[in-house]
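Chain A is the first sequence line, chain B the second, and so forth, proteins listed ahead of strands; every chain is numbered from 1.
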Amino acid sequence: VSVVSPLRREDRRAGAHPRPSFAAVVAAHQDAVYRYLVHLVRNHHLAEDLASATFERALRDWHRYDPRKGTPAVWLVQVARLTALDHFRSEDRRRGREARYAASEPREVSDAPLPSESSPALREALGRLSRAERELITLRVVLEMDTREVAQTLGITPSAVTTQLHRAMTKLRREVTRDDA
Amino acid sequence: MMREAVSPERLAALVDGREAPRSAEERALLALAVDLRGLEGPAPESLRARLDALVAESESEAPARQGRGRLASIWADGTRRRTIFAAPIGALAAAALAAALLIPSGGTTPTGPAEGFKATREPAADAQTPQRSLAPAFSATPAPPQGSAAPTPSTPSAVMAAPVTADQARPQDVRTWTRVHVEDVQALSRASARAMTTVHGLGGFLASTHYSVPDAGQGENALVFKVPPARVEAALRGFSSLGTVIGQRAATVDLGRRLNAGARTLRRQLERVRQLRAELARTPSDAGLAARLAAAEAAYLATSDRQNAVRDRTQMATMNLTLTTVGPKSERGQFVGALYRAGGRLAGGAAWVMQALILVLPPLLIIGAALAAWHARRRRTRRRLLEAS
């Protein structure tokens, strides 16, 4: 099983972390950012919009990126995370406003399950995890970041990453098994 | 069915590909990870097109962005960042403005002690008599320009602030000591002549003078004048116009009781002389009586001389004037004086910093507390948002 994507290997080979061009960073990491957002928000269209907003924000803040502090992937995921959190926050406020004026109105489902193209059981099980658990699994397993990078991205300790990943994966496995049963 | 537990570290090693699965549970977890990686495909073409347009736009704007300075970049980052950047600067500027308006200028500047009169150490005639130092009234009085006959208007008022006027109704011994700094030896000579002219004009006279010029640049003239007590003030005014007064002292001794006691002694001795003369007239051959009369007459004459001397002291005030080309010296040594000045400046600076901190610290603390509260609230919100499924 190949567990390290070519993009991640390229990042790690950079070694001294020379500052890449923004175009190169976009080309190298747009898939990773998109997959991270899809897993987090569970909506392809929304993930696409958020990915676009993420790269616009990254372009605006590109002068603040310091290669010595982390790889472009970590920095981009941090930007994507802030973008997603801003979206969640605004959605939360919007729902609150709507709930006050129209309690019976059905919820807008940005977190609705993805269309079951493949592995519907796995998608269902993922949907029952919290956003934080999905985020951790996405960063550590799907995007194949190492423990230190995930810790840097989420602002927690590496041991907390290891523990929380174990908890999330165990929960996911339990949910998948339950669906199978 | 009982599952075999997989430790967190073991799971991390499996996910990283550092170790191979050994149990069925580990194989299942690894298969789950592979399924997760294959769950979502790459970014859709529509996103790629949008990002290509963004990159093309960024490359066309790149020169403009590169030419922008750091501050300009921060300023261009949006309203929130502008506010975060500008708020502390605005608070500091406001505090500095308030400090400039509220802190009185020179309020904390340390001042050295007034230069006292130390050159003349002649003791007062009577240890029990009160003495007055006029140094504060004359501290560093500036000399009038050359050719100006009259003293500056401020000088007489300074003299009047501490008048040395003998009480005409009481016999008093008035003595003054004045030290005046002049520019050079030529000025010393001119000031000596002017002092004598002034004193003569006031009805006094020069009792003694000691003029010394040990080298070409420095010199001193110690003059002693006798001046009518009623003219002492006028004489002091004249002395202060000779140069810069660097020290002055005055002493007034009340001689009334001493004169009264002398008069009583004189009367007693005179009575004794008269009595002895009468006895000697009755017995002219008494040699012992003649000798006692001679001693009594001598004692009377001596007492009379002393009484006259005391009375003479009440007739004329003694005014000591020292004209010198040597400026006032600090009481401290050069090194200690420099240390004192440096310490004063340091204390002044520290006081300024403390006052500035008193003004600046509260707004900074409020801003810091507000930022900390904002960050804590943000963390709580993020946690809540991420806990949702």
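To the nearest 0.5 Å, the span separating CG on Leu39(B) from NE2 on His39(A) amounts to 5.5 Å. A distance of 10.5 Å separates OH in Tyr34(A) from CZ in Arg48(B), rounded to the nearest 0.5 Å. Taking CZ of Phe55(A) as the start and CG of Leu51(B) as the end, the distance is 5.5 Å to the nearest 0.5 Å. Rounded to the nearest 0.5 angstrom, Asp92(A) CG and Leu385(B) CG are separated by 5.5 Å. Here Thr381(B) contributes atom OG1 and Leu85(A) contributes atom CG; the two are 9.5 Å apart, rounded to the nearest 0.5 Å.
At a 4.5 Å heavy-atom cutoff, Arg383(B) makes no contact with chain A through either its backbone or its side chain. With a 4.5 Å cut-off on non-hydrogen atoms, Leu37(A) does not touch chain B at all. Interface remark: Arg382(B) contributes backbone and side-chain atoms alike to the contact with chain A (heavy atom separation under 4.5 Å). Neither the backbone nor the side chain of Leu154(A) comes within contact range of chain B; no heavy atoms are under 4.5 Å apart.
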Apply side-chain contact (heavy atoms from CB on, under 4.5 Å) to Leu54(B) and Val26(A), showing your working. CA-CA 10 Å; Leu54(B) 181 68; Val26(A) 172; 5.8 Å; no

Quick one: do Asp49(A) and Arg50(B) satisfy side-chain contact (heavy atoms from CB on, under 4.5 Å)? Show the steps, please. CA-CA 10 Å; Asp49(A) 288 343; Arg50(B) 287 161 76 175; 3.1 Å; yes

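Screening Leu14(B), Leu36(B), Val6(B) against Met169(A) for a side chain to side chain contact (heavy atoms under 4.5 Å, CB included) leaves a single residue, Leu36(B).
At a cut-off of 3.5 Å, with distance as the only test, no side-chain donor of His166(A) or Glu9(B) sits close to an acceptor on the other residue. Remark: the Glu48(A) side chain and the Ser46(B) side chain contain an N/O donor-acceptor pair separated by less than 3.5 Å.
When every heavy atom of Leu165(A) is checked against every heavy atom of Leu11(B), the shortest pair comes out as O-CD2, 4.1 Å. Leu47(B) and Ala51(A) get closest at one heavy-atom pair: CD2-CB, 3.7 Å.
Of the charged side-chain nitrogens involved, none lies within less than 4.0 Å of a carboxylate oxygen, so that Asp35(B) and Arg123(A) do not count as a salt-bridged pair. Electrostatic pairing of Asp16(B) and Arg140(A) counts as a salt bridge here, judged by a charged N lying under 4.0 Å from a carboxylate O. Salt bridge status for Asp146(A) with Arg18(B): absent, with no side-chain N to carboxylate O gap under 4.0 Å.
Not a single donor-acceptor pair under 3.5 Å links the side chain of Asp31(A) to the backbone N or O of Pro42(B). Judged by distance alone, with hydrogens and angles left aside, the side-chain atoms of Arg35(A) form a donor-acceptor pair with the main-chain N or O of Arg37(B) at under 3.5 Å.
Your options are Ser7(B), Pro44(B), Ala12(B), and the one with the most heavy-atom pairs under 4.5 Å with chain A is Pro44(B).
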